[in-house]
Amino acid sequence: MLKRLTKLLQGIGSRMLERIWRLGAAARFFFYTMVYSGESLRRPQLVVREVYFTGVMSLIIILVSAFFVGMVLALQGYNTLQKYGSSDAIGVLVALSLVRELGPVVTALLFAGRAGTAITAEIGLMKATEQLSAMEMMAVSPIARVVAPRFWAGVISMPILATLFSMTGILGGYMVAVPLIGVDDGAFWSQMQANVDFKEDIVNGFIKSCVFGVACTLIALFEGYDAPPTAEGVSRATTRTVVISSLAVLGLDFVLTSFMLSP
Amino acid sequence: MTDNIVEIDNLSFGYKGRLLHKGINMSFPRGKVIAIMGGSGSGKTTLLRLIGGQLKPNHGQVRVDGEVVHNLDRSGLYRMRRKMGMLFQFGALFTDLSVFDNVAFPMREHTDLPESMIRDLVMMKLNAVGLRGAHSLMPTELSGGMSRRVALARAVALDPALIMYDEPFGGLDPISMGVIVNLIRSLNDALGATSIVVTHDVHETFSFVDYVYFVSEGVVVAEGTPEQLSKSDMPFVHQFVHGEADGPVPFHYPAPDYKREMLRGHDA
């Protein structure tokens, strides 16, 4: 009995230690990424290329999802608001939901699934096929040449994608609310204009998406860079990217919202 | 300037409680092609990584061009690596870059040469390995032998003083193997470089190298010119050169007595 308990505690302890070790390794990885960022930002074409792969290539899934999310929001919102005779406020409901919460959060979740996994798999495979070692042997830092450009591309792409998500979502909401349900066109837009605050709503949403951009991209890069150089190692790392990014986004969203709503 | 570009003194290296090298001494004279041979898992590739400064020894020293590799800081190490070229076992070409961009990569990273000059240099390097016509292909469109030749062109892109080859013949057909053998020798002589070839292909290697080190169980068990080693009656060298299944390097992984183990199965 005592032996089994000791073994259980040892197991928990070693897992905890591994988690702490990985957290430390991720912090060190982030530090080096910052140190080498200057080198890669001096060659903006590297970042632009990665913005294309992480940002532009994620555009379709982001826009299509946003359109459907906006349409569902309008349907659900109208269903509830009409009970209180406030169906004209549908535009505000859709816009605030998207700009403050759904835009940054859903974009980050989709980004983690689309671009994050691609980054992890690419870097993991580069490691497995000795491409990163080859770079090291050519006196080129993989952090400066491979990691930092992808990091900044993710940080730049996320707020832009979140903004486009919100805009497309509002358009989707409009398509359902106005032509389909018959809400007044003027009421839809004017209520939105009157009640969405630039600083409180739009800027806060923008800040969230920037934070999510840092978190999701860093997790994807670290998981790829730290992946064991085997097929199984890369596949596990890719799965971890989605799981950890999703949890990080939802956790960070709560923390950020608490700070933003505190007086 | 010392006569040896690389000197390994009393080198010991190991990890996870296993000692891979136990006091290895080697020297690599300038201008020569030297092979490091040994069975799989004998730590040959690790030796290259120790020379390149990707690993640090537990004891002993590796000196490249008179400098102790593991005492160098990052910038010192990178300065030293610019004098080196390395051909990885499977080429390690950058899969997102074309053949041309792969060869141009070190030039673009380390020189301020205009693009027109880089183009000429890349074409010259690719011509030397016979793949000028393949400059626009992507690495996924190349055969194993072609990948190795492109990687070779990339390894010599900056005319290094030391070129290291990690298993350059692995998985190649006889024609590609012959091509790589000729390229290693001719590039070494044309550049006035020193080449270290890690391999276990005896016959190809003996046909073109100047000197051979045999490594087994963490130590240098034999060394000499290919002629000397071909005539050697040392049991390990004899087994290795003649490809005998059993000898000092046992065929069987250590295991309990065969008969007893089989009978135990029946008893159960």
Side-chain angles (χ1 to χ4, degrees), chain A residues 28-29 31-36 38-54 56-57 115 118-150 153 221 224-225 228-231 234, chain B residues 45-46 48-55 64 69 72 74-97 101-112 115 139-140 147-148 150-152 154-158 160 162-167 196:
Chain A
R28 196 178 61 171
F29 180 78
F31 173 75
Y32 280 119
T33 306
M34 290 295 111
V35 168
Y36 284 102
E39 216 171 290
S40 68
L41 289 174
R42 273 196 292 277
R43 296 161 70 186
Q45 76 275 14
L46 291 177
V47 180
V48 171
R49 184 176 178 272
E50 295 309 324
V51 166
Y52 174 76
F53 285 115
T54 52
V56 178
M57 299 293 273
I119 290 172
T120 304
E122 187 188 14
I123 294 185
L125 281 172
M126 284 180 87
K127 190 179 176 187
T129 53
E130 294 188 305
Q131 292 180 48
L132 298 183
S133 281
M135 219 172 258
E136 275 273 345
M137 283 304 295
M138 279 186 253
V140 176
S141 163
I143 301 273
R145 185 63 175 68
V146 176
V147 172
R150 282 164 175 78
L221 288 165
Y225 205 78
T230 58
V234 175
Chain B
T45 300
T46 310
L48 290 189
R49 291 190 185 278
L50 285 157
I51 295 169
Q54 287 187 306
L55 298 171
V64 176
V69 174
L72 294 170
R74 198 171 184 83
S75 62
L77 197 60
Y78 275 15
R79 179 172 36 78
M80 189 202 72
R81 283 181 187 161
R82 283 177 208 173
K83 301 178 206 166
M84 296 178 176
M86 182 153 173
L87 178 73
F88 284 81
Q89 194 169 358
F90 297 105
L93 295 177
F94 303 131
T95 41
D96 57 336
L97 301 180
D101 290 330
N102 261 285
V103 182
F105 184 85
M107 299 176 193
R108 287 179 178 147
E109 291 293 324
H110 294 306
T111 69
D112 295 321
E115 202 55 30
T140 47
S147 293
R148 223 70 66 91
V150 174
L152 184 51
R154 186 180 67 179
V156 299
L158 294 176
L162 173 67
I163 313 169
M164 296 188 279
Y165 300 87
D166 185 10
E167 304 280 7
I196 303 175

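Because the structure is predicted, anything quoted here is derived from the model rather than measured. Order of the sequence lines fixes the chain letters, A, B, ..., with proteins taken first and strands second; residue numbering starts at 1 for each chain.
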- More than 12 foreign heavy atoms under 6.0 Å from OH of A:Y32: is that the case here? no
- Tell me, do A:I123 and A:V146 make a side-chain contact under 4.5 Å, heavy atoms counted? yes
- Query: Looking at B:P160, B:A92, B:A157, B:G52, which makes the most heavy-atom pairs under 4.5 Å with chain A?
  - Reply: B:A92
- Validation row: A:M135, B:F105 side chains within 4.5 angstrom (heavy atoms): yes
- Message: For a side-chain contact (heavy atoms from CB on, under 4.5 Å) check, start with the C-alpha distance between B:I51 and B:V69, then their side-chain angles and the critical distance, and finish with the verdict.
- Response: CA-CA 7 Å; B:I51 295 169; B:V69 174; 5.8 Å; no
- Task: Below 4.5 Å from any heavy atom of chain A, which atoms of B:R79 appear? Answer side chain, backbone, both or neither.
- Result: neither
- Message: One thing to verify: whether B:D101 and B:R154 come together as a salt bridge, which I'm taking to mean a side-chain N less than 4.0 angstrom from a carboxylate O.
- Response: no
- Note on the structure: chain A shares the most heavy-atom pairs under 4.5 Å, among B:M80, B:R82, B:Q54, B:Q89, with B:Q54
- Are the side chains of B:T46 and B:L55 in touch, meaning some heavy atoms are under 4.5 Å apart? yes
- In terms of heavy-atom pairs under 4.5 Å with chain B, the winner among A:Q131, A:E130, A:R145, A:E136 is A:Q131
- Task: Name the option with the most non-hydrogen atom pairs under 4.5 Å to chain A; the candidates are B:H110, B:M84, B:M86.
- Result: B:H110
- Item | Residue part contacting chain A, namely of B:M164, when any heavy atom lies under 4.5 Å | side chain
- At a heavy-atom separation under 4.5 Å, does B:L158 approach chain A through its side chain, its backbone, both, or neither? neither
